[in-house]
Amino acid sequence: MNDVGGVDGVGERRDPRPDAAKWFLSGGDDDRARYRDAIGRACDLVLDEFADEATPYSGATPEELDDALARFEMLPHEGDGVAAALDRTEPILRNSVGVSDPACVAHLQCPPTIPALAAEVLLTATNQSMDSWDQSPAATQLERRFVDELCELFGYENGDGVFTSGGTQSNFVGLLLARNRVVLEEFGVDVQREGLPPEARDLRILCSADAHFTATQATSHLGLGENAVVTVPTDDDRRLSMEAFDEAVADLRERGKRPFAIVATAGTTDFGSIDPLGPLADRAAELDCWYHVDAAWGGALALSDDHADKLAGVEAADSLAVDFHKLFYQPISCGAVLVRDESAYDLIDRNAAYLNPERDDDAGVPNLVSKSVQTTRRFDALKPFVTMQALGREGLASMVEYTIDLADDAARLVEADPDLRLVHDSELNVVVFRYVPGDGRDGDPDRRGADEVNEAIRDSLLDDGEAVVARTTVDGETCLKLTLLNPRTTREDLRALLREVSTRGTALETTTDDRHA
């Protein structure tokens, strides 16, 4: 039964459990000491169990990891304190992918900069929620200023934007805006209130056959269906073919379909290819299409005087996706979606009395929830802000330029190795290649055997903890892929890795031949 009485007849407030306050950071000396101790222990664990022990990977199997974690209850009835809790992260840290290792070269998973890691400490401790200004006043202002300078970087004079969890969300937002615009302007329907009209079934989106899968995923989420995406064949450089694009548009028109959005890619996942951004911008204007550029990977080229021209035409995009957890070297997750015309966000604007009431709009209070498909959202803008303050554009640009040069070096090393075949030489920092079995070096190898060997090379490198290399399929063939985001990787590292690929391929080829005999 609750106590009654108290001042003026109001019930007395019960104190929390006596030890509850110690779990939170406030102004007390004891709180500060506990915080310093916890953060210090976490720092020591990162250095001792991750950084010092880091390899590309430990080689542990899913079953072995399950066994290592089985001794821990996920929801224990009683806790054992911070020190014991942190100690239990040791098998997790030891068996994490070593993203900073020179031989971790599989995916668009960058090593994060130390300034960004320090920023993570700040943003998690302050725990600002980016949905409303009164939950994140200084954070909101910083994000807005950062977005303004991003818009300037990409040539958006009247642009706007908001931070996102990454390219998937940014691409979704771009196509959400595109869908809402065409349905409102051509069919007079507000999708937010009324849903999709029957005419929407004829709407189509065009993108490269090598575009990221999230363009297709977005159409499903938007109620248009995946069949609304028309994939256009690529040219010899794996860029969207303009000739094939025009043919696709003519076919759509003949069938009574309405192309309403074009998605160009500045950095395809497998090949690092950059679609012809300028010509596609022209087509978008001619066809009255929303023009979205997925520059989640290649957007960082804008920092480099040597490579920024590869993005020529991006300034004409209606919306743009850019990720900071790729070539801006930020911890996951950290991305942004920008729009060329700030009024585009009116297409998804909404008000909630408890977050962003209309009176806030009238008073000029910037509640960023009105531009985001998230409500609660992290203060991720702090990470690239701190990194930029520490390194500057030139510092980041030099890293981007180095890794692109490194990919060129890797391609030449592949070409010089008789056991390997270069499949694609990228505009960015990725190299796709293939081990060629001996019977195929002067002709066509048995595809089944060659595919099996290439798959086995990748698996053996991972299982032994030697390297994390990606695999993909190109024209029906299993290939290997190096994604070279790490400025710490050297030409000699790559030479050693490719030599190991050849050595393992030769050994595995013999095993495969024996099995197929």
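Fair warning: this is a prediction, and the values are worked out from it, not measured in the lab.
In this model, no donor atom of one side chain and acceptor atom of the other lie less than 3.5 Å apart for T483 and H107. T216 and E226 are not linked by any side-chain donor-acceptor pair at a separation below 3.5 angstrom, with hydrogens and angles left out of the test. For the 3.5 Å distance criterion, the side chains of T268 and D210 fail to qualify, holding no donor opposite an acceptor. Under 3.5 Å, the side chains of T387 and Q330 contain a donor-acceptor pair of N or O atoms. Checking D294 against T265 by side-chain atom types alone, no donor-acceptor pair falls below 3.5 Å.
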*asked:* side-chain contact (heavy atoms from CB on, under 4.5 Å) for H424 and D270? Distances and angles first, verdict last.
replied: CA-CA 9 Å; H424 183 71; D270 271 346; over 6 Å; no
*Apply side-chain contact (heavy atoms from CB on, under 4.5 Å) to S502 and D417, showing your working.*
CA-CA 8 Å; S502 295; D417 191 326; 2.8 Å; yes
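A salt bridge does not link E149 to R144: none of the charged side-chain nitrogens sits closer than 4.0 Å to a carboxylate oxygen. Contact check on D148 versus R145 returns no salt bridge, with no Lys/Arg side-chain nitrogen under 4.0 Å from an Asp/Glu carboxylate oxygen.
Side-chain contact between L498 and V414: present, with at least one pair of heavy atoms (C-beta onward) separated by less than 4.5 Å. F172 has its side chain out of reach of T214: every pair of non-hydrogen atoms, C-beta onward, lies at least 4.5 Å apart. Residues I205 and C289 form no side-chain contact, since every pair of their non-hydrogen atoms from C-beta on lies 4.5 Å or further apart. Taking 4.5 Å as the limit, every side-chain heavy atom of I262 sits out of range of all side-chain heavy atoms of H292.
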All N/O donor-acceptor pairs, side-chain side in residues 228-237, below 3.5 Å, sequence neighbours left out:
{"unit_1": "D235", "atom_1": "OD1", "unit_2": "D237", "atom_2": "N", "d": "2.9"}
{"unit_1": "D235", "atom_1": "OD1", "unit_2": "R238", "atom_2": "N", "d": "3.2"}
{"unit_1": "D235", "atom_1": "OD1", "unit_2": "R239", "atom_2": "N", "d": "2.9"}

Would you list the atom pairs, donor with acceptor, under 3.5 Å between side chains in residues 463-471 and any protein atom, with sequence neighbours excluded?
{"unit_1": "D464", "atom_1": "OD2", "unit_2": "R504", "atom_2": "NH1", "d": "2.8"}
{"unit_1": "D464", "atom_1": "OD2", "unit_2": "R504", "atom_2": "NH2", "d": "3.3"}
{"unit_1": "R471", "atom_1": "NH1", "unit_2": "E455", "atom_2": "OE2", "d": "2.4"}

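Residues satisfying the side-chain hydrogen bond (donor to acceptor under 3.5 Å, both in side chains) criterion with N227, sequence neighbours excluded, are absent altogether. For D160, the side chain to side chain contact (heavy atoms under 4.5 Å, CB included) partners at least two apart in sequence or on another chain are V147, V339, E342, Y345, K371. Legend: residues meeting side-chain hydrogen bond (donor to acceptor under 3.5 Å, both in side chains) with S241, ordered by chain and number and at least two apart, are absent. L86 pairs by the side chain to side chain contact (heavy atoms under 4.5 Å, CB included) definition with R41, L45, V82, not counting sequence neighbours. Residues satisfying the side-chain hydrogen bond (donor to acceptor under 3.5 Å, both in side chains) test with N486, not counting sequence neighbours, are none. Applying the side chain to side chain contact (heavy atoms under 4.5 Å, CB included) rule to N454 yields the partners R434, Y435, T478, L480; only residues at least two apart in sequence or on another chain are considered. By the side chain to side chain contact (heavy atoms under 4.5 Å, CB included) test, R491 is found to be paired with D409, L413, R495, residues two or more places apart in sequence or in another chain being considered. Scored by the ring-ring contact (aromatic ring centres under 6.0 Å, His included) test, F324 finds F163, F328 as partners (sequence neighbours excluded). With sequence neighbours left out, the side-chain hydrogen bond (donor to acceptor under 3.5 Å, both in side chains) criterion links S333 to no other residue. In this structure H212 satisfies the ring-ring contact (aromatic ring centres under 6.0 Å, His included) test with no other residue, sequence neighbours excluded.
F433 CZ to D425 CG: the interatomic distance, rounded to the nearest 0.5 Å, is 13.0 Å. Atom CZ of R36 and atom SG of C43 lie 13.0 Å apart (nearest 0.5 Å). Rounding to the nearest 0.5 Å places CD1 of I404 at 8.0 Å from OG of S426. E500 CD to S460 OG: the interatomic distance, rounded to the nearest 0.5 Å, is 7.5 Å. Annotation: the span from E286 atom CD to D246 atom CG amounts to 8.0 Å, rounded to 0.5 Å.
In D305, the CG atom is not crowded: 12 or fewer heavy atoms of neighbouring residues, nucleotides or ligands sit closer than 6.0 Å. More than 12 heavy atoms of other residues, nucleotides or ligands lie within 6.0 Å of CD in Q389, so this atom counts as buried by the packing criterion.
Closest non-hydrogen pair, C207 versus A215, comes out as SG-CB, 4.5 Å.
The only member of L406, V432, L497 that meets side chain to side chain contact (heavy atoms under 4.5 Å, CB included) when paired with L482 is L497. For the side chain to side chain contact (heavy atoms under 4.5 Å, CB included) with K481, the lone residue among T269, V423, V105, V431 that qualifies is T269.
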